[in-house]
Trainee: 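Got a structure for you, questions after.
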Number of protein chains: 2
Amino acid sequence: MAQSTHNEYLPGYKASQVIHHEWRTAENSAAYLLPTLRSLHEKNPAPSFLDVGAGSGTISVGFAKRLLPGGQVTVTDLSDEILKRAESFAAAADMTANNMVFRPANAYELPFPDATFDVTHCHQMLCHMDAPSDALREMLRVTKPGGVVAAREADMESQCLWPELPGLRLFNEVNEAVLRAAGACWSGGRQLVSWALKAGVRREQITASYGTWCFSAPEDKSVWATSMAERIRHGEMRKKGVEIGLITNDDQVEEMASAWQEWAQRDDASLGMMHGEIIIQK
Amino acid sequence: MAQSTHNEYLPGYKASQVIHHEWRTAENSAAYLLPTLRSLHEKNPAPSFLDVGAGSGTISVGFAKRLLPGGQVTVTDLSDEILKRAESFAAAADMTANNMVFRPANAYELPFPDATFDVTHCHQMLCHMDAPSDALREMLRVTKPGGVVAAREADMESQCLWPELPGLRLFNEVNEAVLRAAGACWSGGRQLVSWALKAGVRREQITASYGTWCFSAPEDKSVWATSMAERIRHGEMRKKGVEIGLITNDDQVEEMASAWQEWAQRDDASLGMMHGEIIIQK
């Protein structure tokens, strides 16, 4: 059922524009899956783990560490460029080719036989895809019977952003419009269970939860604000915003970028983002 | 700075309309505070804990159990009616007057001397108040230097409700309007840090996080849907919705109530609610 022609990941892969991806860890972005991983590793000393659309791989490294010594994490992404960055994170964390391997892959057509992995995982990938249920079906295909598929997807519509600076409102308006135009889903978190059902899963196979990201401490806010300011100043977001007519002049761009800088410096500022989470028992 | 004339808690205290409050536990509604409580109890065998606006007290019981044998939780609420219910939960959990005491209190004018408690806590109280910073200031007053004030407040604007049934949209529109009209804040979670700053707290005293509620399993959805259907059929919500002109006929009421019943029965349905959380070091 996989489709061969799909949308691309709009934000792109330039490090300056996705630097907040590297803030992600298994702890802050996959806590819901860690107890399952622990139980699995107790029963199976050498589990095989597939991380799909893993980007810069900082979450993957956290999984690989937990599966030492016998487990192996296969890290995939559509982009060779970002996979190189993931390899460098893995090397810096003393992971070897026994623990982590890297392979470019399209999530709709994973280059693995049926029933290859004990765990297949993605994080904030389905919400950027135009056919999320197809990708989930493909993740299920490569997962062993008795294994699990796990996904955690942002619900961008529900983000809690404070204070409500006009430049941030404009940024969110542009961001939503360009992501939707690119095929992403602005309220993916809440639809995760329904996507799994469409992929052929029965409700009783699913454990659902919600988790959050919190950007409130100064160092966390700085990471987020830097990425967002770069995206609107130099990224695809700016280009597409101009194309669809929401950005009409450079002053708007500067208003949005400087609003993020002001936000990062304000004591009362924070950003909360809710994520839907599912664990599917195959 | 406490004010003596304030708004009331709009949803009221009828058990059928607040039955979802009794779904709340220290685990699902105050996990952010539990490590702090554990550390405190290790250092202080007899901590004093104040739970403000505790409603039916199911969270308070969880705190009291964790502070056994030496600690004591003082449970307050504006309503005598709901405090009686809290007492019955405490008795059912084998708590005695050594562990838990109950006292009606207005959160703006707590009937305790300065610096009485090691921990002062509230849950989904400030977002229903017309002067949340005054209440926080009062909570700080009764807390000992070196103690903590902890609050967790829903951000109702950010709720993730799926599927988007027309009756649920209408319910949310009425709910937001009547709560705002009653003095509540629809986006309280994201404003919690700013409320603390207004109460005179310095940013470096605050640890901020976000937590969630997830209603996705059938038994959880049933609890939520039952409360909401009762509120719109028989509660203050209906009365106020008629008063402000958003409810004009009984069919609308039935549409909203039956939408909750449909939601509770659908496999793809879920509700996520994000909460702001702060721990203030006094």
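Letters A, B, ... are given to chains in the order of the sequence lines, protein chains preceding strands, and every chain is numbered from 1.
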Trainee: Is a donor from one side chain sitting under 3.5 angstrom from an acceptor on the other, for B:Glu176 and B:Trp186?
Mentor: yes

Trainee: Is there a donor in the side chain of B:His123 and an acceptor in the side chain of B:Glu153, or the other way round, less than 3.5 Å apart?
Mentor: no

Trainee: Any side-chain donor paired with an acceptor under 3.5 Å for B:His21 and B:Gln124?
Mentor: no

Trainee: For B:Ile206, is it the side chain, the backbone, both or neither that has a heavy atom under 4.5 Å from a heavy atom of chain A?
Mentor: neither

Trainee: Please classify the contact between B:Asp155 and chain A as side chain, backbone, both or neither, with a heavy-atom cut-off of under 4.5 Å.
Mentor: side chain

Trainee: Taking side chain as everything from C-beta outward and backbone as N, CA, C, O, which of these in B:Trp213 sits under 4.5 Å from a heavy atom of chain A? Side chain, backbone, both or neither.
Mentor: backbone

Trainee: Is A:Glu277 close to chain B through its backbone or its side chain, or both, or neither, when contacts mean heavy atoms under 4.5 Å?
Mentor: neither

Trainee: Side chains of A:Ser258 and A:Glu262: is there a donor and an acceptor less than 3.5 Å apart?
Mentor: no

Trainee: Heavy-atom cut-off 4.5 Å, strictly under: side chain, backbone, both or neither for B:Ala217 against chain A?
Mentor: backbone

Trainee: With respect to chain A, which residue among B:Met273, B:Arg266, B:Glu157 yields the maximal number of heavy-atom pairs within a distance under 4.5 Å?
Mentor: B:Met273

Trainee: Between B:Glu204 and chain A, with a heavy-atom cut-off of 4.5 Å, which part of the residue counts as in contact: side chain, backbone, both or neither?
Mentor: neither

Trainee: Minimum heavy-atom separation for A:Cys214 to B:Ala208, with atom names?
Mentor: SG-O, 3.8 Å

Trainee: Heavy-atom pairs under 4.5 Å with chain A: which of B:Phe215, B:Trp195, B:Tyr210 has the most?
Mentor: B:Tyr210

Trainee: Pick one of side chain, backbone, both or neither for B:Leu161, based on which atoms fall under 4.5 Å of a heavy atom in chain A.
Mentor: backbone

Trainee: Under 3.5 Å, is there a donor on one side chain and an acceptor on the other for A:Asp51 and A:Ser60?
Mentor: yes

Trainee: For the residue pair A:Arg190 and A:Met274, establish whether any side-chain heavy-atom pair is separated by less than 4.5 Å.
Mentor: no

